[in-house]
Amino acid sequence: MASEHPRANLQPGQNLPRLALHIPEPKFRPGDAVDFAEVDVPPAGEARRPDTADKASGFTDLAYTLVRVLDDDGNAVGPWDPKLSPDVLRRMLRSMALLRAFDERMFRAQRQGKTSFYMKALGEEAVAVAAAYALDYEDMCFPSYRQQGLLIARGWSLVDMMNQIYSNTADRLGGKQLPIMYSVKEAGFFSISGNLTTQYPQAVGWAMASAAKGDTRIAATWCGEGSTAEGDFHSALTFATVYRAPVIFNIVNNQWAISSFSGFAGAEATTFAARAVGYGIAGLRVDGNDALAVYAATQWAAERARTNQGPTLIEHFTYRAEGHSTSDDPGQYRSEGEPNAWPLGDPIKRLKDHLIQIGEWDEERHAAQDKELAEQVKAAQKEAEKNGILGHGLHQPLESLFDGVFEEMPWHLKEQRQQMLDEESASGRPWDRKA
Ligand SMILES: Cc1ncc(C[n+]2csc(CCOP(=O)(O)OP(=O)(O)O)c2C)c(N)n1
């Protein structure tokens with residue numbers, strides 16, 4: 001019997017346009033000239049600043065623009081100017097410059113074979129440092145691997161960070177973790193995991209616990225724009241909006257996820273800040289290379305969280321100025337002209353220019369500070385290297401490999417540990433630690 005469905009007697013595909021997928025393609029590949037004219041950069045000072053008690057639905061426009069404070073001449077303008085004292089501005093600049101000096105030195109240490117791996121935050125210094133200044137020291141941070149600036153801004157020991165990078169005898173993680181995957185509970189810096197975006201729901205859970213206990217501390221978390229494609233990102237936002245968890249979500253949109261440009265995470269269709277809109281969460285899109293804008297947005301989001309207005313999502317629009325890691329060569333997939341053509345400039349230079357513009361800094365002091373910070377990092381490195389570097393034998397007792405899997409070691413791990421030690425001993429103790 002013939003079907004009565006109107007299309008039932010057509011051949012498959014007949015009379016229909018062929019379906020096609022859209023495959024995002026970055027604008028510039030190696031060798032291409034770069035022109036970022038299409039990147040929309042609104043003037044500094046233009047975005048409005050809603051009251052922190054306003055309903056998120058009342059300012060969705062802020063998810064599609066850029067909150068900017070520093071203009072092209074180094075002036076701080078508009079309603080988001082946090083009006084920080086010159087002293088705080090200078091300290092923030094110093095922390096950012098220290099982070100850059102630290103990155104530079106540790107990158108070199110990797111090239112010299114002293115550590116197996118490193119990741120820089122070049123060009124993204126404002127994102128972590130300015131946020132750290134706007135948060136309380138007691139607030140809990142759930143970072144990705146590119147917010148070492150939080151530790152540096154909180155004054156954490158560079159030697160301790162280096163010990164971890166070197167996996168040496170003083171490594172607080174006992175050599176069990178890849179370099180740069182810090183964990184510093186004392187500085188409110190949650191253990192970094194290699195698995196992208198797992199920190200997002202964990203930050204929400206921590207924030208919910210803080211609220212459930214009637215505490216006053218809030219949580220902040222960071223991930224890259226590529227990481228927003230993970231399922232964990234979306235479940236975190238759902239939990240946070242439902243329970244109005246006191247948490248700040250930071251998306252560091254540095255345009256690249258290793259060799260994948262931001263279009264593969266959805267940037268061609270909308271902004272990352274706009275993800276907030278569908279969840280009913282406050283969303284801000286911020287000039288990530290403007291330390292004052294990052295500070296102001298974080299302070300605003302923190303106030304919302306502290307007054308039980310719930311979560312805020314902040315997209316920091318920035319650019320990953322160098323390779324993804326020491327294992328990456330960006331020359332293979334993007335134009336070398338990109339970093340210099342980036343329209344939002346360099347975050348350190350922009351804060352420095354502002355301080356000079358208001359008569360609170362000068363080039364000579366800046367150069368002297370850079371020199372002093374390089375010396376400070378060098379001295380810390382010397383100190384850390386006394387505890388060992390890569391290639392100088394095993395720095396932790398071999399049997400400690402089995403520690404910390406469970407709070408108390410079960411019998412089968414004890415058995416495996418003994419087996420390992422017996423085999424090591426039978427083969428002449430090749431893993432014996434050097435004195
Ligand atoms: C669940 C998971 N998938 C893939 C990876 C491999 N990986 C490590 S970093 C990275 C890119 C992340 O890019 P983005 O989130 O934009 O952050 P960025 O590195 O730019 O700071 C990928 C795919 C991983 N570590 N975890």
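Computed from a predicted model, the values in this text were never measured in an experiment. Atoms considered below: every heavy atom in the structure, side chains included; atoms not considered: hydrogens, waters and symmetry mates.
Counting heavy atoms from C-beta outward, E230 and C223 have side chains that stay 4.5 Å or more apart. Contact of the R68 side chain with the E46 side chain is not registered, since no non-hydrogen atoms from C-beta on lie closer than 4.5 Å. D160 has its side chain out of reach of E186: every pair of non-hydrogen atoms, C-beta onward, lies at least 4.5 Å apart. Counting heavy atoms from C-beta on, the side chains of V39 and F317 come closer than 4.5 Å. Contact of the E360 side chain with the H354 side chain is not registered, since no non-hydrogen atoms from C-beta on lie closer than 4.5 Å. Looking at D290 and R350, their side chains come closer than 4.5 Å, going by heavy atoms from C-beta outward. With a 4.5 Å cut-off on side-chain heavy atoms, P330 and E338 do not count as touching. Residues I348 and H366 form a side-chain contact, since some pair of their non-hydrogen atoms from C-beta on lies under 4.5 Å apart.
Summarising the geometry, atom CG belonging to D171 is positioned 5.0 Å from atom CD belonging to Q164; distances are rounded to the nearest 0.5 Å. Separation of atoms CG (L70) and CG (D81) is listed at 8.5 Å; rounding is to 0.5 Å. Put simply, CE on M119 and CG on L178 are 8.5 Å apart, with the number rounded to the nearest 0.5 Å. In this structure, CZ in R334 is found 12.5 Å from CZ in F28, a value given to the nearest 0.5 Å. Here N387 contributes atom CG and T169 contributes atom OG1; the two are 4.0 Å apart, rounded to the nearest 0.5 Å.
Shown here are the ring pair (Phe, Tyr, Trp, His ring centres under 6.0 Å) partners of Y133, two or more places apart in sequence or in another chain: there are none. Every ring pair (Phe, Tyr, Trp, His ring centres under 6.0 Å) that Y333 has, sequence neighbours left out, goes to W256. In terms of the salt bridge (Lys or Arg N to Asp or Glu O under 4.0 Å) criterion, residue partners of R100 (sequence neighbours excluded) are, by chain and number, E125, D346. For the ring pair (Phe, Tyr, Trp, His ring centres under 6.0 Å) test, residues two or more places apart in sequence or in another chain that qualify with W80 are W300.
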| task | Could you go through the side chain to side chain contact (heavy atoms under 4.5 Å, CB included) check for R172 and V184 one step at a time? | result | CA-CA 9 Å; R172 55 174 43 231; V184 188; 4.2 Å; yes
| query | Given L84 and R91, is the side chain to side chain contact (heavy atoms under 4.5 Å, CB included) satisfied, shown in steps? | reply | CA-CA 11 Å; L84 297 171; R91 280 198 283 136; over 6 Å; no
| query | So F102 and K120, side chain to side chain contact (heavy atoms under 4.5 Å, CB included) or not? Walk me through it. | reply | CA-CA 9 Å; F102 183 85; K120 281 182 162 188; over 6 Å; no
| request: Applying side chain to side chain contact (heavy atoms under 4.5 Å, CB included), run through L66 and D40 and close with a yes or a no. | output: CA-CA 9 Å; L66 276 182; D40 194 20; over 6 Å; no
| Criterion side chain to side chain donor-acceptor pair (under 3.5 Å) on Q376 and E372, from CA distance to verdict | CA-CA 6 Å; Q376 183 187 336; E372 180 206 332; over 6 Å; no
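Of the possible donor and acceptor atoms, none in the side chain of T197 sits under 3.5 Å from a partner among the backbone N and O of D232. The backbone N or O of W222 sits less than 3.5 Å from a side-chain atom of Q199, completing a donor-acceptor pair. When atom types are taken as modelled, the side chain of T115 and the backbone of I165 share a donor-acceptor pair closer than 3.5 angstrom. Panel note: side chain R146, backbone H324; a donor-acceptor pair is recorded below 3.5 Å. No side-chain donor-acceptor contact under 3.5 Å links E315 to the backbone of L284. The main-chain N or O of F36 is never found under 3.5 Å from a side-chain atom of K27 such that the two would form a donor-acceptor pair. The backbone N or O of D54 sits less than 3.5 Å from a side-chain atom of R304, completing a donor-acceptor pair. Looking at T228, its side chain does come within 3.5 Å of a backbone N or O of E225 through a donor-acceptor pair. The backbone N or O of G331 lies less than 3.5 Å from a partner atom in the side chain of D329, making a donor-acceptor pair. Without hydrogens or angle criteria, D139 side chain to I218 main chain gives a donor-acceptor distance under 3.5 Å.
The six-membered or imidazole ring of F107 lies away from that of Y118, with a centre-to-centre distance of 6.0 Å or more.
A donor atom on one side chain and an acceptor atom on the other are found under 3.5 Å apart for T318 and N289. T52 and E303 share a donor-acceptor pair across their side chains, judged by distance under 3.5 Å alone. For the residue pair Q148 and D103, a side-chain donor N or O sits within less than 3.5 Å of a side-chain acceptor on the partner. Side chains of H234 and Y200: no donor on one and acceptor on the other come within 3.5 Å.
Around atom NZ of K176, more than 12 heavy atoms belonging to other residues, nucleotides or ligands sit under 6.0 Å away. The number of heavy-atom neighbours closer than 6.0 Å to CZ of F59, taken from other residues, nucleotides and ligands shown, is above 12.
A salt bridge does not link K213 to D215: none of the charged side-chain nitrogens sits closer than 4.0 Å to a carboxylate oxygen. Remark: K352 does not engage D370 in a salt bridge, criterion side-chain N to carboxylate O under 4.0 Å. Taking 4.0 Å as the cut-off between side-chain N and carboxylate O, E399 and R417 do not count as a salt-bridged pair.
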For residues 260-272, dump all side-chain donor-acceptor pairs below 3.5 Å to protein atoms at least two apart in sequence or in another chain.
residue: E268; atom: OE1; partner: H22; partner atom: NE2; Å: 2.6
residue: T271; atom: OG1; partner: A63; partner atom: O; Å: 2.7
residue: T271; atom: OG1; partner: A274; partner atom: N; Å: 3.0

For residues 244-252, which side-chain donor-acceptor pairs fall under 3.5 Å, sequence neighbours excluded?
residue: N250; atom: OD1; partner: H316; partner atom: NE2; Å: 2.7
residue: N250; atom: ND2; partner: T221; partner atom: O; Å: 3.1

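By the 30° and 60° cut-offs, the orientation of the rings of Y182 relative to F189 is perpendicular.
Minimum heavy-atom separation, I180 to I192: O-CD1, 3.6 Å. Heavy atoms only, all atoms of each residue included: S183 and L173 are closest at CB-CD2, 3.8 Å. Nearest heavy-atom pair, S144 versus Q147, reported as atom, atom and distance to 0.1 Å: N-OE1, 2.7 Å.
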